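Beneath this line is the structure, given in structure tokens, with notes to follow.
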Amino acid sequence: NNNNNDDKSIDNKSSNNNDRSIITTSVKKTIQQILVVDDADTNRKVLCRMLKNIGYNCDQATNGEECLTIMKAKSPKECIYDIILMDYEMPVLNGPDTAKKLRELGYTLPIVGVTGNVLPQDVEIFINHGANAVLNKPLSMKKLTDMINNFNSEL
């Protein structure tokens, strides 16, 4: 049966990057590429290190404006990021305003607020501006990985 042979070829790892990209487009997408946006160097670097240790690729931005510059380099359909983890309070452009601008530009990827501002009204502001969820600092890796897994199941 040809279908069985085709299925087996998808499971085989190929050393040819072109073949691999063709194969991955036929497989269900999972979150791999994460953009971390936080003005605190230590928070950003530690979070990226933790994410890389569990297998994610991670890029960094220091504020909302830098995040928008990175994101606008590609159209929403060409976006290389699968999820954005974003601080609330940042200079230049804060998290909620950045989330709102990303949504206005047509970006639909999950945006997760990661913040010390866990008062109900702060969480509500972030959600109303386009965040899908808000996690509190200090960040629990279990809560973060559970959330990523939830987003993976929705893709």
Side-chain angles (χ1 to χ4, degrees), residues 13 17-155:
K13 302 244 185 225
N17 283 336
N18 290 336
D19 288 348
R20 191 164 175 229
S21 67
I22 292 168
I23 291 170
T24 57
T25 58
S26 66
V27 175
K28 184 178 175 184
K29 185 169 176 51
T30 58
I31 290 174
Q32 297 174 337
Q33 191 73 29
I34 300 174
L35 179 60
V36 174
V37 186
D38 196 319
D39 60 312
D41 287 345
T42 302
N43 292 348
R44 215 175 44 253
K45 289 175 181 175
V46 167
L47 180 54
C48 281
R49 188 175 310 120
M50 292 183 339
L51 289 166
K52 286 178 181 178
N53 285 343
I54 57 175
Y56 295 101
N57 297 317
C58 190
D59 289 332
Q60 302 175 34
T62 59
N63 60 56
E65 189 172 283
E66 188 175 325
C67 171
L68 288 173
T69 299
I70 290 168
M71 295 299 291
K72 289 194 282 188
K74 303 255 185 200
S75 74
K77 291 185 182 204
E78 299 171 317
C79 179
I80 65 167
Y81 297 103
D82 302 310
I83 190 170
I84 297 175
L85 305 178
M86 187 177 318
D87 188 25
Y88 190 111
E89 291 185 25
M90 297 180 287
V92 186
L93 190 61
N94 69 25
D97 289 342
T98 304
K100 183 177 183 182
K101 287 182 186 248
L102 286 167
R103 296 304 186 215
E104 289 169 354
L105 290 167
Y107 292 92
T108 59
L109 74 163
I111 298 171
V112 177
V114 181
T115 181
N117 297 349
V118 290
L119 295 173
Q121 60 267 32
D122 290 333
V123 171
E124 187 177 332
I125 288 169
F126 223 144
I127 298 293
N128 288 340
H129 280 70
N132 298 77
V134 178
L135 294 175
N136 61 314
K137 291 179 184 176
L139 188 61
S140 154
M141 279 310 286
K142 174 160 180 25
K143 284 183 181 177
L144 179 58
T145 54
D146 286 350
M147 181 168 292
I148 290 171
N149 289 333
N150 285 339
F151 285 125
N152 274 331
S153 69
E154 294 172 9
L155 293 175

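What you see is a predicted model; the values in this text were computed from it and never measured. Each residue takes its place number in the sequence, starting with 1.
- Two residues are said to be in side-chain contact when any heavy atoms from C-beta on lie closer than 4.5 Å; M50 and L144 fail this criterion.
- Under a 3.5 Å cut-off, the side chain of Y107 and the backbone N or O of M71 do form a donor-acceptor pair.
- Side-chain contact check for L105 versus L68: some heavy-atom pair is nearer than 4.5 Å.
- The shortest side-chain heavy-atom distance between L109 and L35 does not fall under the 4.5 Å cut-off.
- When the options V36, L102, V112 are evaluated for a side-chain contact (heavy atoms from CB on, under 4.5 Å) with I84, the one that passes is L102.
- At a threshold of 4.5 Å between non-hydrogen side-chain atoms, the residues L47 and L139 count as touching.
- The stretch residues 52-75 participates, sequence neighbours left out, in no salt bridge (charged side-chain N to carboxylate O under 4.0 Å, His left out) pair at all.
- Across all non-hydrogen atoms, the minimal contact from L51 to M141 is CD2-CE, 4.3 Å.
- For the atom pair D41 CG and Q60 CD, the distance stands at 8.0 Å (nearest 0.5 Å).
- Here the side chains of V114 and N43 are not in contact, with every heavy-atom distance at 4.5 Å or above.
- A search for salt bridge (Lys or Arg N to Asp or Glu O under 4.0 Å) contacts involving D146 returns K142, not counting sequence neighbours.
- Partners of E78 under the side-chain hydrogen bond (donor to acceptor under 3.5 Å, both in side chains) rule, at least two apart in sequence or in another chain, are S75.
- Going from atom CD1 of I83 over to atom CD1 of I31 covers 4.5 Å, rounded to the nearest 0.5 Å.
- Between I34 and Y81, the shortest heavy-atom distance links the atoms C-CD2, 3.9 Å.
- Panel note: side chain N63, backbone M90; no donor-acceptor pair is recorded below 3.5 Å.
- If you take CG on N57 and CD on Q33, they are separated by 4.5 Å, rounding to the nearest 0.5 Å.
- Interatomic distance, N150 CG to T145 OG1, rounded to the nearest 0.5 Å: 10.0 Å.
- Here K137 pairs with D38, D87 under the salt bridge (Lys or Arg N to Asp or Glu O under 4.0 Å) rule; sequence neighbours left out.
- Sorted by first and then second residue, the salt bridge (charged side-chain N to carboxylate O under 4.0 Å, His left out) pairs with a member in residues 88-98 form an empty list; sequence neighbours excluded.
- Between K101 and T98, the closest side-chain pair of non-hydrogen atoms is not below 4.5 Å.
- Taken from SG in C48 to CG in N53, the straight-line distance is 11.0 Å, to the nearest 0.5 Å.
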For residues 125-136, run the donor-acceptor check on the side chains, cut-off 3.5 Å, and write out each pair with its distance to 0.1 Å, sequence neighbours left out.
| from | atom 1 | to | atom 2 | distance (Å) |
| --- | --- | --- | --- | --- |
| N128 | ND2 | E124 | O | 3.3 |
| H129 | ND1 | I125 | O | 2.8 |
| N132 | OD1 | R103 | NH2 | 2.7 |
| N132 | OD1 | I111 | N | 2.8 |

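- A distance of 9.5 Å separates OH in Y88 from CG in L119, rounded to the nearest 0.5 Å.
- Summarising the geometry of P76 relative to G106, their closest heavy-atom pair is CB-O, 3.4 Å, with the distance given to 0.1 Å.
- Closest of all the heavy-atom pairs between M86 and C67 is CE-SG, 4.3 Å.
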